[in-house]
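Inspection log for the structure reproduced underneath, given as structure tokens.
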Amino acid sequence: HIQADGILVLTAVFRPIQLRQAGLVSLGGLLLLTALYAAQKPWREYPGLEYENYPIPPDYQEKAEWAFARLMYPPVSPWRGGFNFAGDWREGGTNWTMDYPRSDRHLSAALRRLTRIQVRSVEQPLNLEDGDVYDWPWLYGVEVGHWNLTDDQARTMREYLLRGGFFMCDDFHGTDEWDVFVASMEKVFPDRPIVEIANADPIFHTVYDLDDRYQVPGAQYLDTGKTFEKDGRVPHWRAIYDDRGRIMVAMCFNMDLGDSWEHADNPRYPQRFSALGIRIGVDYLVYSFTH
């Protein structure tokens with residue numbers, strides 16, 4: 001619920017991932033589990049496409065209830081736009097590191113200010129091959145128009161989502177990148193349709209009412225004045241639902257929320273774009289906790 005001072009207080013229950021068959025656990029119980037998992041996973045910063053040696057917050061080792069989990073994935077071949085500066089996607093320097101880590105830390109800082117969730121100041125990159133994705137209830141993927149999941153990674157992602165995990169993906173544009181995205185997503189869910197999210201869906205009304213949404217552009221807007229990339233002129237908020245009507249995969253297509261978080265402190269980047277981008281991030285995160 002929202003207090004009079006505008007601060008969000010979570011009083012609902014989480015849908016646990018590993019313990020789903022045992023029933024729901026209390027919010028406090030899952031927060032404790034999440035904090036314990038976060039303590040067990042060593043933190044590491046990887047080389048990014050845009051940033052290296054980004055300043056590390058002084059409190060980065062503090063235990064917290066929640067951390068921004070970023071999906072690591074192999075990219076498509078370079079001729080389809082895949083970046084592979086590091087030689088091995090597991091070592092960073094590929095598409096999954098776009099906007100990283102500045103974007104992640106800005107959204108984490110916003111969540112600290114706008115909610116009472118105890119948020120870790122640094123992100124957590126996650127490789128589906130490591131087997132610990134089930135410890136992290138919310139996962140974000142950037143530039144998924146350039147990903148190329150293996151069959152094993154797709155199976156792990158499917159199991160993660162069916163157990164109650166939530167995957168938000170963003171920053172992919174136009175027909176070609178949509179086709180690349182779908183090629184891997186169909187490995188995850190060949191039997192579930194991708195649909196447009198209705199304005200009345202709870203995901204747009206958990207904290208902020210977001211009926212009046214608009215296209216959120218990437219940093220290219222600063223040079224071109226265009227809110228779209230390639231042939232992606234129309235923004236789409238799409239999803240894959242589970243059998244209970246819960247969104248498992250939330251797709252922000254033909255927009256770049258990652259840049260809106262990354263450039264939230266950039267005076268050249270219009271405030272209205274970061275304002276909506278952050279609100280969408282907050283709504284999606286709180287939805288993942290409460291549904």
Side-chain angles (χ1 to χ4, degrees), residues 2-8 48-51 54 68 70 98-117 119 121 123 138 140-145 166 168-174 177-178 181 196-239 247 250-289:
I2 308 296
Q3 295 187 156
D5 58 4
I7 298 296
L8 168 70
L49 287 174
E50 298 172 88
Y51 302 97
Y54 193 78
F68 183 113
R70 174 178 283 255
M98 188 65 73
D99 311 328
Y100 161 89
R102 182 178 171 188
S103 173
D104 315 37
R105 295 180 194 175
H106 280 181
L107 183 63
S108 297
L111 287 161
R112 283 181 162 186
R113 292 194 298 269
L114 297 171
T115 77
R116 287 188 174 174
I117 304 169
V119 177
S121 62
E123 67 295 325
W138 186 90
Y140 171 78
V142 71
E143 290 226 340
V144 289
F166 183 90
M168 174 183 178
C169 53
D170 170 46
D171 190 8
F172 58 125
H173 314 265
E177 291 189 11
W178 177 258
F181 167 75
E196 301 286 340
I197 306 174
N199 276 346
D201 193 285
I203 200 168
F204 295 131
H205 304 280
T206 55
V207 179
Y208 301 102
D209 289 320
L210 299 178
D211 290 318
D212 299 320
R213 300 180 305 280
Y214 41 84
Q215 191 168 44
V216 176
Q220 92 286 337
Y221 177 86
L222 302 179
D223 297 320
T224 67
K226 295 180 179 179
T227 60
F228 65 93
E229 298 179 38
K230 301 184 177 180
D231 62 341
R233 293 175 177 270
V234 179
H236 294 276
W237 291 265
R238 292 172 173 167
I247 292 177
M251 309 152 204
C252 296
F253 176 55
N254 289 339
M255 64 191 90
D256 192 344
L257 301 188
D259 268 11
S260 78
W261 306 336
E262 177 186 7
H263 294 283
D265 61 350
N266 181 350
R268 295 185 59 220
Y269 188 81
Q271 183 271 344
R272 68 183 184 278
F273 296 139
S274 289
L276 178 59
I278 288 172
R279 283 170 171 80
I280 291 174
V282 171
D283 269 9
Y284 280 23
L285 173 64
V286 175
Y287 176 92
S288 74
F289 286 170

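FYI, the numbering just counts along the sequence from 1.
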Quick one: does [X]'s side chain get under 4.5 Å of [Y]'s, heavy atoms only?
| X | Y | result |
| --- | --- | --- |
| C169 | L257 | no |
| M255 | F273 | no |
| P235 | Y214 | no |
| N199 | L210 | no |
| W237 | I280 | yes |
| H263 | H106 | no |
| D283 | H205 | no |
| H173 | D231 | no |

Rounded distance [0.5 Å steps], [atom1] in [X] versus [atom2] in [Y]:
| X | Y | atom1 | atom2 | value |
| --- | --- | --- | --- | --- |
| E123 | L107 | CD | CG | 11.5 Å |
| Y51 | S103 | OH | OG | 8.5 Å |
| Q271 | S260 | CD | OG | 11.0 Å |
| F253 | D170 | CZ | CG | 11.5 Å |
| C252 | Q215 | SG | CD | 11.5 Å |
| Y269 | E262 | OH | CD | 9.5 Å |

May I ask you to decide if the ring planes of [X] and [Y] are parallel, tilted or perpendicular, using 30° and 60° as cut-offs?
| X | Y | value |
| --- | --- | --- |
| F166 | Y284 | perpendicular |
| F68 | W138 | perpendicular |
| F181 | W178 | tilted |

Under 3.5 Å donor-acceptor, [X] side chain and [Y] backbone:
| X | Y | answer |
| --- | --- | --- |
| Y208 | L276 | no |
| N254 | V234 | yes |
| T227 | P217 | no |
| D256 | D259 | yes |
| R238 | E196 | no |

Closest non-hydrogen atom pair between [X] and [Y], with its separation:
| X | Y | value |
| --- | --- | --- |
| A264 | I278 | CB-CD1, 4.3 Å |
| M98 | V142 | O-CG1, 3.8 Å |
| Y287 | I247 | OH-N, 2.9 Å |

For this session: Tell me, with the steps shown, if E50 and Y100 meet side-chain contact (heavy atoms from CB on, under 4.5 Å).
Result: CA-CA 7 Å; E50 298 172 88; Y100 161 89; over 6 Å; no

Exercise. Would T115 and L285 count as a side-chain contact (heavy atoms from CB on, under 4.5 Å) if you check the C-alpha gap in whole Å, the side-chain angles of each, and the deciding distance to 0.1 Å?
Worked result: CA-CA 11 Å; T115 77; L285 173 64; over 6 Å; no

Exercise. Does the pair W261 and R102 meet the rule for a side-chain contact (heavy atoms from CB on, under 4.5 Å), with working shown?
Worked result: CA-CA 8 Å; W261 306 336; R102 182 178 171 188; over 6 Å; no

Exercise. Between D99 and R70, does at least one N-O distance fall below 4.0 Å, as a salt bridge requires?
Worked result: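 Not counted as a salt bridge, because no side-chain N and carboxylate O are separated by less than 4.0 Å.
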
Exercise. For D211, does the CG atom have more than 12 heavy-atom neighbours from other residues, nucleotides or ligands under 6.0 Å away?
Worked result: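 Check passes, neighbour count above 12.
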
For this session: Assess whether side-chain hydrogen bond (donor to acceptor under 3.5 Å, both in side chains) is satisfied between E229 and Y221, documenting all intermediate values.
Result: CA-CA 9 Å; E229 298 179 38; Y221 177 86; over 6 Å; no

Problem set entry | Y54 six-ring face occupied by R105 cation (under 6.0 Å, within 45°) |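 No, R105 and Y54 do not form such a contact.
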
